[in-house]
Amino acid sequence: MKIYNTLSGTKEEFVPLKEGKVNMYACGITVSGEAHIGHAYQALIYDVIRKYFIKKGYQVTYARNYTDVDDKIIAKSNETGIPADEYAENMIKVIDKEMARLKVGEPDVWLKATETIDDIIAFVSGLVEKGYAYPTKNGDVYFAVEKFPSYGKLSHRNLEDALNGVRIDNDEEKKNPLDFALWKSAKPGEPFWESPWGKGRPGWHIECSAMNKKAFGTEIDIHGGGRDLIFPHHENEIAQTEAYTGKPLAKYWIHNGLIKVNGQKMSKSLGNSLFLKDLLDRYSPETIKLALLSTNYRGDINVTDDLFPEAEAHLLDFYSVYKLAKEKGVVIDGEDKVIDDEFNAAMDNDFNTALAISNLFVYFKKIKAKLNSGDFSCGNTLAQIKKTYSLLGLFETDAEEFIKAYGKEEKIPDEIVSFAEEMQKARSVKDYATADALRAKITDAGYTVKINKDGYSIEKK
RNA sequence: GGCGCCAUAGCCAAGUGGUAAGGCACGGGUCUGCAAAACCCUCACCCCCAGUCCGAAUCUGGGUGGCGCCUCCA
């Protein structure tokens with residue numbers, strides 16, 4: 001099994017720290033707003049990865065966090081008048097609900113920054129004691145990057161490189177512009193906790209280090225997150241944890257690509273964020289998953305107008321094969337080892353869900369051909385596809401239900417049906433002028449009539 | 001400016017040494033009064049240059065182009 005490790009920049013054979021066990025951690029959401037498609041993508045990927053490890057027989061512990069105290073949350077709190085902790089708590093509930101709607105599995109361990117404050121303070125104290133961090137007279141505590149020689153090893157930049165890019169105004173109290181806050185003193189009106197350095201709250205990076213330590217102790221197998229977190233977030237996590245524990249934070253670092261919308265980065269300032277809620281209102285959860293998993297997790301996904309509609313059309317097509325098989329009396333049961341083997345082979349190569357999904361088209365094409373030629377020996381294959389691809393969250397709906405819910409066959413108004421009936425009558429007596437006129441009426445009303453061997457069908461356009 | 005990632009047909013997208021999966025679109029065909037749908041078929045030497053090798057989309061070097069990060073970000 002191969003995994004691309006950001007740390008080495010190569011695909012590596014996966015060897016767990018402890019045989020048969022996988023400890024993984026993924027950086028979750030800062031709950032200053034609702035979940036967007038990028039959050040969903042990230043949550044989905046690590047859930048799939050977790051499930052695959054379980055399938056391979058590993059005992060997996062998967063931890064995820066919520067950052068529930070930060071500048072943006074405080075800003076939102078001031079904006080809305082809702083206390084910051086309450087705002088964060090509500091947002092977590094909303095996000096959890098949406099993720100559940102998408103049917104993304106929950107991690108084994110949920111962590112929240114505000115529930116880890118004691119650990120964070122102990123962590124920061126330890127770093128100060130060891131000389132890796134220093135408090136300022138304002139009550140802030142900074143990590144001294146120069147004290148950590150391998151700073152930059154994840155993002156592959158050295159201190160000089162990184163320094164080169166610094167472009168923000170810096171706190172004069174900092175010894176090095178790259179030093180980052182472990183603890184921030186509270187300004188009037190901000191939420192705070194008592195600490196050896198006065199009233200304050202944790203910096204972003206230290207939360208993850210402390211939560212990781214809380215959940216797993218020292219070194220973990222896999223640490224994941226969005227690619228935008230490599231620098232500085234994950235770089236800083238490494239510095240903190242390794243300075244403190246003297247041991248590597250994680251053996252494998254994996255990073256998923258980001259979502260773009262029509263070629264542009266999704267951002268608040270551009271106003272082009274796609275919220276999970278809106279997508280779920282328009283498409284089935286399986287559609288969203290199929291679309292997102294059709295690209296390797298490391299690549300960016302460019303969401304264009306037809307990405308989701310196309311995925312939904314594919315799913316409808318797949319489900320229609322199940323429906324057809326059922327109608328032909330095929331008993332969907334049994335095993336097909338080839339399907340599962342091919343799936344595993346794809347996933348063993350850095351979780352290649354894109355390849356696994358493209359295989360589906362080949363399978364269904366063959367099954368369809370079989371069914372149409374009167375060969376009904378595909379019940380085992382159909383059963384296996386359901387079983388194997390449930391790992392990606394696909395084919396978990398009853399075929400008829402799915403088609404009913406997301407297909408184009410909606411209730412057709414009686415008027416339209418009667419037009420179609422008349423049209424058929426006209427056609428039977430070769431009165432094509434009348435037939436065409438009726439067809440035009442139906443089309444104008446927003447429907448399409450399809451003539452086929454057995455009669456006709458009407459679809460909404 | 002620094003660092004990183006990427007570059008495969010009109011579009012999306014697999015493929016890490018042996019002569020290019022899959023999807024969408026296009027084109028052709030079967031069917032059809034017409035049309036739609038369905039089904040079948042067709043469609044790329046892999047950004048450029050040089051090198052390594054019997055052999056490279058796949059490895060090395062150099063270009064060119066795009067993106068990301070360096071400020072909060074999944």
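Bear in mind that the values here come from a model prediction, so they are computed numbers and not experimental data. Chain letters run A, B, ... following the sequence lines, proteins first and then strands; every chain starts at 1.
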[atom1] atom, [N] versus [M]: distance in rounded Å?
| N | M | atom1 | result |
| --- | --- | --- | --- |
| B:rC40 | B:rG33 | P | 22 Å |
| B:rG2 | B:rA50 | C1' | 28 Å |
| B:rG62 | B:rG22 | C1' | 35 Å |
| B:rC12 | B:rC69 | C1' | 25 Å |
| B:rA25 | B:rA38 | P | 9 Å |
| B:rC24 | B:rC39 | P | 10 Å |
| B:rG23 | B:rC41 | P | 11 Å |
| B:rU52 | B:rA14 | P | 32 Å |

Which residue lies toward the 5' end of RNA chain B, A:H233 or A:K365, if each is placed at its nearest nucleotide?
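Checking each residue's closest nucleotide, the 5'-ward one belongs to A:K365.
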
Closest-nucleotide 5' rank along RNA chain B - winner of A:H36 and A:I357:
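Its nucleotide being nearer the 5' end, the pick is A:I357.
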
Using the side-chain heavy atoms of [X], tell me which of these nucleotides is nearest: [options].
| X | options | value |
| --- | --- | --- |
| A:D228 | B:rC69, B:rG23, B:rA21 | B:rC69 |
| A:I29 | B:rA74, B:rC39, B:rC70 | B:rA74 |
| A:N349 | B:rU16, B:rA14, B:rC72 | B:rU16 |
| A:F231 | B:rA74, B:rC70, B:rC67 | B:rC70 |
| A:N352 | B:rG15, B:rA74, B:rC34 | B:rG15 |

According to the Watson-Crick and G-U wobble definitions, with both distances under 3.5 Å, which nucleotide is paired to [N]?
| N | result |
| --- | --- |
| B:rU52 | none |
| B:rU58 | none |
| B:rU30 | B:rA38 |
| B:rC46 | none |
| B:rU71 | none |
| B:rA7 | B:rU64 |

Apply the test side chain to side chain contact (heavy atoms under 4.5 Å, CB included) to residues A:Y66 and A:L111: give CA-CA distance (whole Å), side-chain angles for both, the deciding distance (0.1 Å), then the verdict.
CA-CA 6 Å; A:Y66 275 125; A:L111 295 153; over 6 Å; no

Over all strands shown, is [X] touching base, sugar-phosphate only, or nothing at heavy-atom distances under 4.0 angstrom?
| X | result |
| --- | --- |
| A:I259 | base |
| A:G224 | nothing |
| A:D436 | base |
| A:H255 | nothing |
| A:G38 | base |

Spell out yes or no: do the side chain of [X] and the base of [N] have one donor N/O and one acceptor N/O closer than 3.5 Å?
| X | N | value |
| --- | --- | --- |
| A:T295 | B:rA13 | no |
| A:R227 | B:rA74 | no |
| A:R439 | B:rC34 | yes |

Which whole-number value in Å describes the distance from [X] [atom1] to [N] [atom2]?
| X | N | atom1 | atom2 | value |
| --- | --- | --- | --- | --- |
| A:D300 | B:rC6 | CG | P | 11 Å |
| A:M266 | B:rC72 | CE | P | 19 Å |
| A:Y447 | B:rA35 | OH | P | 25 Å |
| A:L290 | B:rC12 | CG | P | 18 Å |
| A:N359 | B:rG23 | CG | P | 11 Å |
| A:L229 | B:rG4 | CG | P | 19 Å |
| A:E235 | B:rG2 | CD | C1' | 14 Å |
| A:H156 | B:rG68 | NE2 | P | 20 Å |

State whether [X] places a side-chain N or O below 4.0 Å from either non-bridging phosphate oxygen (OP1 or OP2) of [N].
| X | N | value |
| --- | --- | --- |
| A:K265 | B:rC69 | yes |
| A:T30 | B:rA74 | yes |
| A:N302 | B:rC11 | no |

Sort out for me which residue in A:F180, A:F231, A:Y142 forms a ring pair (Phe, Tyr, Trp, His ring centres under 6.0 Å) with A:H205.
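Single ring pair (Phe, Tyr, Trp, His ring centres under 6.0 Å) partner of A:H205 among A:F180, A:F231, A:Y142: A:F180.
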
May I ask you to say whether A:D317 pairs ionically with A:K368, meaning some side-chain N is under 4.0 Å from a carboxylate O?
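Between A:K368 and A:D317 there is a salt bridge, with a charged N closer than 4.0 Å to a carboxylate O.
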
Taking NZ, NE, NH1 and NH2 as the nitrogens, is one of them in A:R101 or A:D281 under 4.0 Å from a carboxylate oxygen of the other?
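Between A:D281 and A:R101 there is a salt bridge, with a charged N closer than 4.0 Å to a carboxylate O.
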
Stacked cation flag A:R282 on A:F308, 6.0 angstrom / 45 deg:
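No, A:R282 does not lie over the aromatic ring of A:F308.
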
Cation-pi check, A:R64 to A:Y46: give yes when NZ or CZ is under 6.0 Å from the six-membered ring centre and within 45° of the ring axis, no otherwise.
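Not flagged: A:R64 not positioned over aromatic ring of A:Y46.
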
Between A:F53 and A:Y252, is the ring centroid distance below 6.0 Å?
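For A:F53 and A:Y252, the ring centres are not under 6.0 Å apart.
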
Quick one: closest heavy-atom pair of A:C27 and A:N65, and the distance?
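Here A:C27 and A:N65 meet closest at CA-OD1, 3.4 Å.
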
Heavy-atom closest contact (A:G393 atom, A:E286 atom, distance)
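For A:G393 and A:E286, the tightest heavy-atom pair comes out as O-CG, 3.5 Å.
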
If you measure from the ring centre of A:Y432 to the centre of the six-membered ring in the base of B:rG33, is it under 5.5 Å, with the planes under 30° apart?
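Yes; centroid distance and tilt both under limits.
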
